[in-house]
There are 2 protein chains.
Amino acid sequence: MSSMTPRSERIPADERREQILAAATTVFGELGYAGATTDRVARAAGISQPYVVRLFGTKEQLFIETLRRTLARLLAAFRAALAEADAGADAGGDGDGEAREARLGEAYLELVEDRGTLLTLLHGFMMGSDPVIGPVARDGFLQVFRMLRDEAGFTPDQIHRFLADGMLINTLLASGVGLAAKRDRDAAELMDCTFGAHVAEVLERASA
Amino acid sequence: MSSMTPRSERIPADERREQILAAATTVFGELGYAGATTDRVARAAGISQPYVVRLFGTKEQLFIETLRRTLARLLAAFRAALAEADAGADAGGDGDGEAREARLGEAYLELVEDRGTLLTLLHGFMMGSDPVIGPVARDGFLQVFRMLRDEAGFTPDQIHRFLADGMLINTLLASGVGLAAKRDRDAAELMDCTFGAHVAEVLERASA
DNA sequence: GTCTATATGACGATAGAC
DNA sequence: GTCTATCGTCATATAGAC
């Protein structure tokens, strides 16, 4: 009885950092950069607040690493989807890219079904005028653009439509209009106008 | 010398409220709901912090009224654009709606050229899960949808494209990718892919 | 209609023990 | 690797004078 049990197990810092970043994605997503507190992130990760600060230096640094990780996961999901689309294609020359477009769209929906992931991305994009966070967000956006252009081989028009639809999905999801479609007639009609029944269903699940 | 000059002129409360809401649009836009402080709003409006609270009750109420005002201005701008488009049309039956689409798009760009207006709207849409702010934001979005459907007479496909393009413009503007196009090659190509030179120019001005 | 003063409660970050 | 204790700062909201 001469020593108390520590509240958290002693685990490697790398693993701990990953736990914290996952927790931070949820917390920053729901509360935004300013609204989130290091204490809430710490509690979501099951550790003490000073330890979060110890591992990341500052709250700003924690947000940057959270945003970077989310952007990296987005890119990785897109690349995996691309590989799948190409593996599924018939042996002959590549199709017109419609399979890729569809598969990328599905991959995006799966990712942003997690509200924390969706909102962390959006908060990042909205902080374009922050001198340190802005460049990180823009760089992520441009990486996606280059991937669509160079790796997916999208035409300019495909890129335009893909990005624009993605941003509309974000807004429908974040605002809760997707979820409201279950109760509200106009919201349901809006979902019909914009995306088919399939997507609407995913949006509904994700908004919940 | 028995009394000091008040720091602010004594003006009617209605006028004061409008000044404060205009200032709040800038401050909430740049710092977000949580990041903004009633003190910064007060200073932007040239009055004391307690007086802002006195007039609006709470910070939350101030944000709600700021968001409502911004949404109302958006609707008003759209209705004015619609009236213009119809006034400009030749006497015969209405065109296929392309003039309306173009005029509405211009009206939107003019509005979101003000960064505070743009970001206040986006912050609202991102707070869909807030029990009191969420419904206000969704209601605004649905009002826009109904206007497009009932007053502009858009087809479902027109509605889809108009909204999706709008959301992409928002993101390009908020993240600063539009402005970065002046320096960054890929950013410039992205702007080319998505919107023509005309829109890109406006986005550039607006990002500045 | 507007201010000053202030109570009260976070939050971020540091110090230092184990 | 992780904690407890705590300092300094800042924000919302109230009280009350003018």
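The sequence lines fix the lettering, A, B, ..., with proteins before strands; numbering per chain opens at 1. What you are looking at is a predicted structure, and each value in this text was computed from that prediction instead of being measured.
- Between B/I11 and A/T37, the residue anchored closer to the 5' end of DNA chain C is B/I11, taking for each the nucleotide with the nearest heavy atom.
- Closest contact between the side chain of B/Y51 and the listed nucleotides D/dC3, C/dC3, D/dA13 involves C/dC3.
- Comparing atom distances between the B/S48 side chain and each of C/dC3, D/dT12, C/dG12 picks out C/dC3 as nearest.
- Ranking C/dT14, C/dC3, D/dT2 by closeness to the A/V53 side chain, first place goes to C/dT14.
- Going from atom CG of B/L31 over to atom P of D/dA11 covers 10 Å, rounded to whole Å.
- Look at CD on A/E9: it is 14 Å from P on D/dG1, rounded to the nearest Å.
- When the P atom of C/dC18 is taken as reference, atom CZ of A/R10 falls 15 Å away, rounded to whole Å.
- In this structure, the CZ atom of B/F56 is 14 Å from the C1' atom of C/dG1, given to the nearest Å.
- If you check distances only, the side chain of B/Q49 never reaches the base of D/dA11 with a donor-acceptor pair under 3.5 Å.
- Residue contacts shown for B/A42 are absent, as no nucleic acid heavy atom lies under 4.0 Å away.
- At whole-Å resolution of the value, CD in B/Q19 and P in C/dG1 are 13 Å apart.
- To the nearest angstrom, P of C/dT6 lies 17 Å from CG of B/D39.
- Phosphate proximity of D/dC3 to A/S8: present, with a side-chain N or O under 4.0 Å from OP1 or OP2.
- With rounding to the nearest 0.5 angstrom, the CG atom of A/L121 is 13.0 Å from the CE atom of A/M126.
- A cation-pi arrangement is present between B/K59 and B/Y33 under the rule of less than 6.0 angstrom and at most 45 degrees off the ring axis.
- Annotation: cation-pi pair B/R100/B/F154 absent, no NZ/CZ under 6.0 Å from the ring centroid and within 45° of its normal.
- Salt-bridge check for B/R146 with B/E151: failed, with every basic side-chain N at 4.0 Å or more from each acidic carboxylate O.
- Under the 4.0 Å criterion applied to side-chain N and carboxylate O atoms, B/E65 and B/R68 are not assigned as salt-bridge partners.
- For A/T38 and C/dG12, the shortest distance from a side-chain N or O to OP1 or OP2 is below 4.0 Å.
- Listed candidates were C/dT14, C/dT4, D/dA11. Nearest to the side chain of A/P50 is C/dT14.
- In this structure, CD of B/Q61 is placed 15 Å from P of D/dT12, rounded to the nearest angstrom.
- B/L55 comes within 4.0 angstrom of nothing in the nucleic acid, heavy atoms only.
- Using a 4.0 Å cut-off, some side-chain N or O of A/R16 falls inside it from OP1 or OP2 of D/dT2.
- The nearest whole Å value for the distance from the CZ atom in A/R54 to the C1' atom in C/dC18 is 12 Å.
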